[in-house]
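Per chain, numbering begins at 1; letters A, B, ... match sequence-line order.
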Amino acid sequence: MPVPAARRAALRRALLAWYDAGHRALPWRGPQHGADPYRVWLAEVMLQQTQVATAAPYFRRFVARFPTLAALAAAPEEEVLALWSGLGYYARARHLHAAAREALARHGGLPRTVAELRALPGFGPYTAGAVASIAFAVPAAAVDGNVARVLQRVFALPGSASDAAVRREVAARAEALVPPARPGDFNQALMDLGATVCTPAGPACPRCPLAARCAARAAGRVAGIPAPRRRPAPAPLLLACAVVRGPRGLLLARRPARGLFAGLWAPPCAEVREGEPRAALAAALAALGIPGDIGEERASLRRTLTHRALTLRAYHAVLRRPGPRGGGGELRWAAPGELATLGLPTAARLLLERL
DNA sequence: AAATCGGGGTC
DNA sequence: GACCCAGATTT
């Protein structure tokens, strides 16, 4: 169903006026209108499935170390992951790094069209639209969780935001609504509104610039739109980890390039079944080329991720042969003071704190 | 279409 | 504990 032109114009006007009257001051929003495309991109990636308050300190550290796309492209992946450590969804960092190199080589910087952006690693429909509209003033939609919720309510589109048919309908409305002028401000206004006013629970409708034009409000259905999504319970996962100490610190192994905590450093771990963690952990050490003997359990930690109920158990272990010599490989030693500068997942940091 | 991939904020 | 967050990629 198309949005009538008059309604479209009224929604745009009300939203941009609200945005101009006092949007949030955020580290990636430059003082003047034209934002730095690299900073816009970095912010969008960090903000994927991540709240503004969580991402902001990471953003500051990241741009301090890598102020430009060229600086990022020149860095080793290892350092990029270290700066991402604790933020989660680490594939984002690897894709960001790969995309920086690719964009520099092929376009001399970030390309300016949705299609070209979309072809880079880590650019999905949302991020391509957000960067194109905010950094390059391309009238493209950028539908994130906030925008989807706002539009579902404004147009009274029932159902869960994860439903494919709902997503298609919301995307179509968003495309039709983005104005040719100030598309980036318009998209950010929708996001700000969703984050600060049209919140998932207990939205502040009396403060909403769109309240008079909101179909869900008119129908008294704001609380039921969108419908909550049901997630399956996280599957249990037991990881046994070897705590190996040497003269140069604690032994770390790089996680495999795919899967959980991919590419990060952690004590050598093995996914094990309840009951035989030691044998499985010994086999994992042998597979790494460092056979060892597994001793007593030293610490354990439970942690729930979105789709995993993680249990980590740390076992004291002694190598039968000397461990790795230098860096550059899949194994390394880390002195206690070094851990903070390395890319470890939060679960591993918390486990080590308990030793 | 469903699963995978973190961590934290919020009620 | 449930639900969500400026989602993308793989299967």
Side-chain angles (χ1 to χ4, degrees), chain A residues 23-24 26-29 35 39-59 81 84-96 98-99 117-135 141-150 160-165 167-168 171 174 184 186-196 198-203 223 226-235 237 255-264 266 303-310 343-350:
Chain A
H23 58 69
R24 294 185 288 178
L26 299 172
W28 43 89
R29 286 180 181 163
R39 292 168 66 100
V40 170
W41 171 36
L42 175 63
E44 292 307 332
V45 174
M46 284 193 167
L47 289 165
Q48 289 167 11
Q49 296 294 287
T50 306
Q51 294 184 351
V52 163
T54 302
Y58 285 86
F59 179 87
L81 281 174
W84 210 272
S85 176
L87 195 53
Y89 285 156
Y90 298 98
R92 293 184 294 175
R94 296 154 63 86
H95 291 147
L96 179 82
L117 291 167
R118 188 74 179 74
L120 293 169
F123 277 87
Y126 166 77
T127 305
V131 171
S133 63
I134 298 171
V143 181
D144 69 346
N146 287 312
V147 172
R149 181 176 56 255
V150 170
S160 162
S162 60
D163 182 87
R167 283 210 308 266
R168 277 195 297 277
F186 177 83
N187 286 334
Q188 293 184 87
L190 276 176
M191 296 185 230
D192 268 23
L193 188 68
T196 65
C198 193
T199 51
R229 75 183 292 181
R230 309 288 300 176
R231 285 182 192 276
L237 178 66
R255 303 272 308 163
R258 305 169 68 95
L260 195 64
F261 308 136
L264 276 70
R303 220 176 140 67
T304 304
L305 312 180
T306 301
H307 62 294
R308 288 274 186 263
L310 205 55
L344 274 69
T346 299
R349 288 192 198 285
L350 293 174

First of A:Pro121 and A:Ala195 reached from the 5' end of DNA chain C, by closest nucleotide: A:Ala195
B:dC11 versus C:dA6 - spacing of their P atoms, nearest Å: 14 Å
Donor-acceptor contact below 3.5 Å, side chain A:Thr199 vs main chain A:Thr196: no
side-chain contact (heavy atoms from CB on, under 4.5 Å) partners for A:Arg168, two or more places apart: A:Ala164, A:Ala165
A:Pro121: partners by side-chain contact (heavy atoms from CB on, under 4.5 Å), with sequence neighbours left out: A:His95, A:Ala98, A:Ala99, A:Glu102
Any residue meeting side chain to side chain donor-acceptor pair (under 3.5 Å) with A:Tyr126, in chain and number order, not counting sequence neighbours: A:Glu44
Touch class at under 4.0 angstrom, heavy-atom based, for A:Trp28 against every strand present: base
Partner residues of A:Phe186 under the ring-ring contact (aromatic ring centres under 6.0 Å, His included) criterion, sequence neighbours left out: none
Touch class at under 4.0 angstrom, heavy-atom based, for A:Asn187 against every strand present: nothing
Span that lies between the P atom of B:dG6 and that of C:dT11, in whole angstrom: 15 Å
Under 4.0 Å protein heavy-atom contact, by nucleotide of nucleotides 1-11 of chain B - B base, S sugar-phosphate only: S--SBBBBS--
Contacts of type side-chain contact (heavy atoms from CB on, under 4.5 Å), residue A:Ala43, not counting sequence neighbours: A:Trp28, A:Leu47, A:Phe59
Touch class at under 4.0 angstrom, heavy-atom based, for A:Arg349 against every strand present: nothing
Sugar-phosphate only, base, or nothing, as touched by A:Arg24 at under 4.0 Å among non-hydrogen atoms: base
Given DNA chain C, 5'-ward residue of the pair A:Ala43 and A:Gly122, judged by closest heavy atom: A:Ala43
Close residues, residues 125-132 of chain A, relative to DNA chain C [heavy-atom separation under 4.0 Å]: A:Pro125, A:Tyr126, A:Thr127
Side chain to side chain donor-acceptor pair (under 3.5 Å) against A:Arg24, all qualifying residues, sequence neighbours excluded: A:Asp192
ring-ring contact (aromatic ring centres under 6.0 Å, His included) against A:His307, all qualifying residues, sequence neighbours excluded: none
Test item: side-chain donor near acceptor, A:Arg92 and A:Thr127, under 3.5 Å: no
Test side chain to side chain donor-acceptor pair (under 3.5 Å) applied to A:Arg94 - qualifying residues, sequence neighbours left out: A:Glu77
Results of side chain to side chain donor-acceptor pair (under 3.5 Å) for A:Ser162 - residues two or more places apart only: A:Ser160
Range on DNA chain C touched by chain A, heavy atoms, distance below 4.0 Å: C:dC3 to C:dT11
